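Since the model is a prediction, treat every value here as computed from it, not as a measurement. Only this structure's heavy atoms are used, side chains among them; waters, hydrogens and symmetry mates stay out. We're numbering straight along the sequence, starting at 1.
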Amino acid sequence: MRRLYMSLHVKMKCFSRYLPYIFRPPNTILSSSCHTEADIISTVEFNSTGELLATGDKGGRVVIFQREQENKNQPHRRGEYNVYSTFQSHEPEFDYLKSLEIEEKINKIRWLPQQNAAYFLLSTNDKTVKLWKVSERDKRPEGYNLKDEDGRIRDPCTITSLRVPVLRPMDLMVEATPRRVFSNAHTYHINSISVNSDYETYMSADDLRINLWNLEITNRSFNIVDIKPTNMEELTEVITAAEFHPHNCNTFVYSSSKGTIRLCDMRSSALCDRHSKLFEEPEDPSNRSFFSEIISSISDVKFNHSGRYIMTRDYLTVKVWDLNMENRPIETYQVHDYLRSKLCSLYENDCIFDKFECVWNGSDSVIMTGSYNNFFRMFDRNTKRDVTLEASRENSKPRAILKPRKVCVGGKRRKDEISVDSLDFSKKILHTAWHPSENIIAVAATNNLYIFQDKVN
């Protein structure tokens with residue numbers, strides 16, 4: 001089913017007393033109201049320059065948005081993103097040996113640095129990673145000797161003269177072509193892919209193994225982490241996320257469902273079963289409960305741009321770790337601590353297993369992550385201030401103000417607050433992205449993509 005996009009330009013007023021960054025949605029891309037499961041956005045990613053933004057959905061499609069170029073006549077349009085290319089990345093498959101269906105859902109997208117006029121990105125579903133080339137074509141060749149204008153082969157006997165083919169202008173066409181297909185290397189579902197800083201290799205991680213690939217070789221990979229026990233009944237944890245260091249090509253981290261982060265160095269051994277560092281915060285016995293192990297599971301891990309710090313997201317918090325201090329995080333931010341009393345009902349409706357992502361801004365001074373009721377949270381690391389914002393159609397009307405939202409836990413509720421009992425847990429923001437150098441953010445809310453930009457004076 002095709003997705004219906006609608007651009008909506010909105011101007012926002014300032015609320016700088018809440019956070020030093022003020023956002024307005026210059027583009028609100030809304031899908032049709034009659035969306036299907038396949039329309040739900042499953043990943044969002046800016047490229048290295050921020051000029052392109054890619055989204056993947058549960059239907060296996062990749063949609064790429066391109067930023068509008070500066071227009072002196074319409075300076076307010078700078079920053080708007082419009083659809084650049086759409087293509088089907090993965091199709092549903094069936095593993096006949098294991099009698100398992102393989103979903104087409106796009107789990108992750110990662111851009112490769114641009115080397116020429118074309119763009120390259122990696123996309124993955126549960127089993128297969130693909131390398132895509134996205135390029136433009138605005139000319140077509142004409143004047144073939146052995147073909148007529150319709151492309152049919154001509155009889156050589158009818159050719160009486162030779163023509164020199166020429167290139168004729170044509171309407172701009174954006175083509176997406178698969179250049180590599182990396183398959184048959186994962187027994188379990190792929191949850192992460194990460195491009196190495198050498199730009200020659202990347203890694204893919206599933207629940208129990210991490211593989212290292214060369215971008216030019218598709219028929220083999222190297223297993224660098226394997227936590228699968230000989231007896232599966234002894235399994236106590238799984239890999240939840242993995243990422244390469246942004247500058248050191250030999251270093252990477254991976255997180256687990258037990259709330260631990262392991263830093264590994266590929267120079268120490270070919271198989272990195274023995275970590276170089278283990279980051280783990282001791283659990284407070286007074287907070288121990290039936291749900292402790294579930295909510296401590298890390299759903300996302302990210303290096304900051306310098307590679308000195310690691311950010312992790314578990315169910316209730318975002319934590320920042322210093323690579324030089326393993327015993328506890330240096331910063332802890334409560335995302336939605338008011339849900340702690342709701343864990344029982346969240347367990348019953350499976351929301352407790354939701355996997356939220358987290359992102360840094362370009363200067364690593366602000367952290368953003370998602371929550372329920374289409375709320376997303378932003379934390380300023382310098383001022384220690386935070387704000388809760390909402391991505392919704394009501395807030396995306398022209399000249400609407402993006403007001404901070406507050407959740408009322410108990411007692412009297414103010415007019416501008418929302419009760420914790422009124423939160424809609426079917427509306428959740430799991431996937432977010434931040435422009436690498438500017439204050440532009442992308443927020444995926446079910447089948448809607450919202451793009452917010454720093455206020456333009």
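- At least one test fails for R377 against the ring of F356: distance under 6.0 Å to the centre or angle within 45° of the axis.
- Residue K427 qualifies as open at atom NZ: its count of foreign heavy atoms under 6.0 Å is 12 or below.
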Chi angles and distances behind the side-chain contact (heavy atoms from CB on, under 4.5 Å) call for F452, F376: CA-CA 12 Å; F452 300 91; F376 59 98; 4.1 Å; yes
message: Under the criterion side-chain contact (heavy atoms from CB on, under 4.5 Å), I'd like the reasoning laid out for L53 against L449: C-alpha separation, chi angles, the key distance, then a yes or no.
response: CA-CA 11 Å; L53 172 66; L449 176 67; 4.1 Å; yes
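- Salt bridge absent: K302 and E243 never bring a charged side-chain N and a carboxylate O closer than 4.0 Å.
- In the model, E51 has no side-chain atom that pairs as donor or acceptor with a side-chain atom of Y84 under 3.5 Å.
- Sorted by first and then second residue, the side chain to side chain donor-acceptor pair (under 3.5 Å) pairs with a member in residues 94-103 form an empty list; sequence neighbours excluded.
- For T312 and W321, the side-chain atoms include at least one donor-acceptor pair closer than 3.5 Å.
- Taken to the nearest 0.5 Å, the NZ atom of K133 stands 6.0 Å off from the OG1 atom of T177.
- Within 6.0 Å of the CZ atom in R288, the count of heavy atoms belonging to other residues, nucleotides or ligands exceeds 12.
- No hydrogens or angles considered: a donor-acceptor pair under 3.5 Å links the side chains of S255 and T240.
- Atom-to-atom distance recorded for M203:CE and N223:CG is 12.5 Å, nearest 0.5 angstrom.
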